[in-house]
Amino acid sequence: MNPLVELNNITYKAQNKTILDIPEFQICAGEFLGIMGPNGAGKSTLLKVLAFLENQSSGAILYRGEVIPKGNVPLELRRKFSIALQQSLLLDGTVFHNIAIGLTLRKMPKTVIKEKVAHWLELFGISHLAKKNALYLSGGEAQRVNLARAMIIEPEILFLDEPFSALDFPTKIKLMEDFKGIIETARTTAVFVSHDLMEINYLTNRLAIIVNGEVKQSGPTPRVLEHPNSSTASFLNEWKKFYPLAR
Amino acid sequence: MELLIDGIKKAFDMILSGDREVFAITWLTLKVCLISILISTLIGLPLGILLGLTRFKGRRILLLFINIGMGLPPVVAGLWITMLLWRSGPLGDLTLLYSPTAIVMAQILVSLPIVTSLTCTAFQQISEKMLLQIKALGATRMQTLIILIKQLKIAILAAIMAGFGRVIAEVGAAMMVGGNILGDTRILTTTIVMEVSKGNFDIALALSFILLSVALLITAALTFLQQRKRIS
Ligand SMILES: Nc1ncnc2c1ncn2[C@@H]1O[C@H](COP(=O)(O)OP(=O)(O)OP(=O)(O)O)[C@@H](O)[C@H]1O
Ligand SMILES: [Mg+2]
């Protein structure tokens, strides 16, 4: 497996507090990587560092084996990734406009944008919302727009921070199925933060558990879930009480 | 009451009879005010954005002075410009005192702080997370700026309107640096002051209606721009 993005002795500090301390970590091409951990563990921060959105305090980040100069990430590289942040931060404008924005910024022709947006609206079942102001959407609707906005770019790596948290159960199942299909067809590499073992179990093929800013365990999802190590057992076993794993 | 009706009658007379002098004064008022607010916007918008989005040394002191500047009495602004342009002053060689340019300078001085400060306030309310999200969508710095300006259109236009309100209402500075010279620096507000001091209340009232109409027209245009096409 050749790593797409590689972290080397990364630390991330904010206000003199170390939030991330990661000696080594990789995202490999084609994988669907899950990240789990308690609140405040540093998952969202890790996602932003991996997507070159936040600068690490020390250490190096490599893309396809090449060190990317800190604070000077080429635009073309940034544009290979897309990220749906934990909060759906939508712009004051129509849903159409919000979903189109990644393509608009990349100066795609208008006709192409129209076609693609229509396609993704359809896929997420929100075609009827196209002309609505995105600020007036419900939490679940906003989350779909947030997801569609990230996926329409067809990124090399898709970063998702708890993208299904506000969806009702049937919608979540439906969307997850569709989502899995889309990702597998497009062979998109994806990194996925979630608190939901069901989502993790269904979607990801590798899982990293992060606690207190450190990656405590990582490996194939079923193996991590079945054999937590001494530092992840307490976190994972709580979950397993409620989710007997049948996989 | 009679005075009011006289004033309205007079105003219609003046406008309908196409009084050259009134027309010239109104035109100059419009020109001076629009140029002032345009320049204030051209400087105040970028400055406000810079102050709102970035953190640098001396930023808070600068902001403090700008906020104080919002309440700068026009006569003080007029005094400063007069001293600057006085024959023996630093810019005396330009012989700009008692010219429309001098009025524009004074009006910029009183409106720039308003435009800057209100723009800054608007941009400061953009959260770090929103900035990150826009960057994450693949925006360059320039594109980010354009998105933010569009998002904050309402607040920005409100800042410009507030600045324009100050400029169109201003009289003390215009009197001092312009001198109320007929055909040269006489604008509506200074004419009104003059007519009142001469006891010509009907003319003053008529001019005040014209002034109000001008202010109303411009503000209505800006409001239209501001409130246009807000989808729900
Ligand atoms: N800019 C910042 N300044 C100070 N502290 C920060 C900053 N960003 C993150 N933190 C802190 O770092 C820690 C990790 O935050 P992060 O958002 O990565 O957690 P998380 O694992 O995503 O949590 P959650 O499950 O609640 O989303 C938290 O304690 C947070 O308060
Ligand atoms: Mg988080």
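Treat the numbers as computed from the prediction; the structure is a model and nothing was measured. Excluded from the calculations below are hydrogen atoms, water molecules and symmetry mates; all remaining heavy atoms, backbone and side chain alike, are included. Lettering follows sequence order; numbering is per chain, from 1.
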Does the side chain of B:L132 reach to within under 4.5 Å of the side chain of A:E54, using non-hydrogen atoms? yes
Ranked by heavy-atom pairs below 4.5 Å to chain B, first place among A:K48, A:R106, A:K80 goes to A:R106
Does atom CD (B:Q124) have a neighbourhood of more than 12 heavy atoms from anything else shown, all under 6.0 Å? yes
Tell me, side chain or backbone of A:I101 under 4.5 Å from chain B's heavy atoms, or both, or neither? side chain
Should we count CZ of B:R141 as having more than 12 external heavy atoms under 6.0 Å? no
Can you find a heavy atom in the side chain of A:N146 that is under 4.5 Å from one in the side chain of B:Q133? yes
What residue pairs, at least two apart or across chains, pass ring pair (Phe, Tyr, Trp, His ring centres under 6.0 Å) with a residue in residues 100-158 of chain B? none
When you look at NZ of A:K180, are more than 12 heavy atoms from neighbouring residues, nucleotides or ligands closer to it than 6.0 Å? yes
Would you find more than 12 non-hydrogen atoms of other residues, nucleotides or ligands less than 6.0 Å from B:F65 atom CZ? no
Engaged part of A:F159 at the chain B interface, taking heavy atoms whose separation is under 4.5 Å: neither
With a cut-off of 6.0 Å (strictly less than), are more than 12 heavy atoms of other residues, nucleotides or ligands near CG of B:N180? yes
A:L75 portion near chain B, given a 4.5 angstrom heavy-atom threshold: side chain
Min side-chain heavy-atom separation B:T140-A:R79 under 4.5 Å: yes
Segment of B:I147 engaging chain A (4.5 angstrom heavy-atom cut-off): side chain
Do A:R149 side-chain atoms and B:L137 backbone N/O form a donor-acceptor pair below 3.5 Å? no
Atom of A:L90, atom of B:M130 and distance for their closest heavy-atom approach: O-CE, 3.5 Å
For A:L103, is it the side chain, the backbone, both, or neither that has a heavy atom closer than 4.5 Å to a heavy atom of chain B? neither
Spacing of CG belonging to A:D92 relative to NZ belonging to B:K150, to within rounding of 0.5 Å: 12.5 Å
Can you tell me how far the CG atom of A:L105 sits from the NZ atom of B:K135, to the nearest 0.5 Å? 14.0 Å
